[in-house]
There are 2 protein chains.
Amino acid sequence: MSESLKKVDVFQAIADPTRRDVLRLLASKERSIAEITSNYDMSRTAIVKHLKVLTEAGLVTGQKLGREKVYHLKLEPLTEVKQWLDYYEQFWHNKLSKLKFLVENENEDK
Amino acid sequence: MSESLKKVDVFQAIADPTRRDVLRLLASKERSIAEITSNYDMSRTAIVKHLKVLTEAGLVTGQKLGREKVYHLKLEPLTEVKQWLDYYEQFWHNKLSKLKFLVENENEDK
DNA sequence: ATAATATGACACCTAAGGGTTTCACATTTA
DNA sequence: TAAATGTGAAACCCTTAGGTGTCATATTAT
């Protein structure tokens with residue numbers, strides 16, 4: 001038993017474009033709430049809510065340093081997404097290469 | 001110009017557990033709406049809505065055969081997810097292998 | 001022809017998601 | 001110590017998500 005207090009599903013956490021963008025921001029370096037917020041055209045409160053979701057999904061953690069709270073990225077939960085994707089990769093190589101060809105060359109069955 | 005009429009983001013489409021499960025069902029074989037519905041404790045109408053979302057994300061397609069409508073899986077949109085994940089894999093191998101070790105062996109920094 | 005089956009199309013409900021503003025409090029900085 | 005900065009927390013709003021039930025219609029099966 002460990003790390004299982006995730007209140008938010010990682011798939012749900014990454015469903016929102018803003019949240020994916022925040023992850024991208026934190027990938028380069030850790031940032032304070034104010035710093036993150038400065039990148040978006042929305043209120044700090046809204047960003048904090050997104051950070052809460054990301055935190056509960058285990059994708060970020062925040063620690064207080066003085067008066068600011070600095071968030072950094074945590075990649076572990078992405079393994080779940082990767083594993084989920086891996087399941088479909090078996091079909092990928094069998095079918096997708098063909099399908100992709102068909103799609104790119106459009107309506108073959110017309 | 002092709003396939004770009006996706007009204008629903010693939011990340012949003014896979015955010016719902018039921019929808020991920022429907023994808024899993026369709027991975028084994030194509031199924032009619034009634035057949036899909038029989039696997040869940042919810043109304044056909046609800047399932048149809050999920051199928052609509054999946055369709056608009058490009059993850060499934062349905063074709064009418066007689067009086068039933070048969071859905072089958074389409075994997076292409078998952079490439080977007082895969083690419084997104086790949087971006088983070090650069091950190092994965094650098095940091096995650098270590099992190100994973102730390103996590104699995106719990107609180108090292110205590 | 002009739003009955004059973006499968007789906008389509010609505011109207012409707014409730015909770016949750018994503019956003020806002022406002023105010024209070026803690027911590028720096030001048 | 002006074003002002004500025006960064007955050008926490010609450011109340012509120014609107015739209016959408018996910019679900020329901022009902023009725024009509026098309027297609028099989030008896």
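Every chain is numbered from 1, with letters handed out A, B, ... down the list of sequences.
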Touch class at under 4.0 angstrom, heavy-atom based, for A/E35 against every strand present: nothing

Whole-Å gap separating P (D/dA17) and NZ (B/K7): 14 Å

Contacting residues from residues 38-47 of chain B, given that a heavy atom lies under 4.0 angstrom of DNA chain D: B/M42, B/S43, B/T45, B/A46

From A/K29 atom NZ to A/H72 atom NE2, the distance as rounded to the nearest 0.5 Å: 15.5 Å

For A/D16, salt bridge (Lys or Arg N to Asp or Glu O under 4.0 Å) partners two or more places apart: none

pair A/E30-A/V70: side-chain heavy atoms closer than 4.5 Å: yes

Interatomic distance, B/K69 NZ vs D/dA26 P [rounded to whole Å]: 16 Å

Side-chain touch B/Y87/A/L23, heavy atoms, less than 4.5 angstrom: no

Side chain proximity check, B/V81 to A/Y88, heavy atoms < 4.5 angstrom: no

Protein-nucleotide distance (B/K52, atom NZ; D/dT16, atom C1'), rounded to Å: 12 Å

All side chain to side chain donor-acceptor pair (under 3.5 Å) counterparts of A/R24, not counting sequence neighbours: A/D21

B/V48 vs A/V53, nearer the 5' end of DNA chain C by closest nucleotide: B/V48

B/V8 vs B/K52 side-chain heavy atoms within contact, under 4.5 Å: no

Outermost DNA chain C nucleotides near chain B [under 4.0 Å, heavy atoms]: C/dA4 to C/dC10

Stretch residues 13-25 of chain B: residues that reach within less than 4.0 Å of DNA chain D through a heavy atom: B/D16, B/R19

Between P of D/dG18 and NE2 of B/H50, the distance in whole Å: 6 Å

Six-ring centre of A/F11, B/R20 cation under 6.0 angstrom, axis tolerance 45°: yes

Test item: A/Y71 and A/I33 side chains (from C-beta on) under 4.5 Å apart, heavy atoms: yes

5′-ward residue of the pair A/Y71/A/K49 relative to DNA chain D: A/Y71

B/V70 or A/Q12, whichever maps to the more 5' nucleotide of DNA chain C: B/V70

Beyond-backbone contact of A/L26 with A/I36, side-chain heavy atoms, under 4.5 angstrom: yes

Salt bridge (Lys or Arg N to Asp or Glu O under 4.0 Å) against A/R19, all qualifying residues, sequence neighbours excluded: none

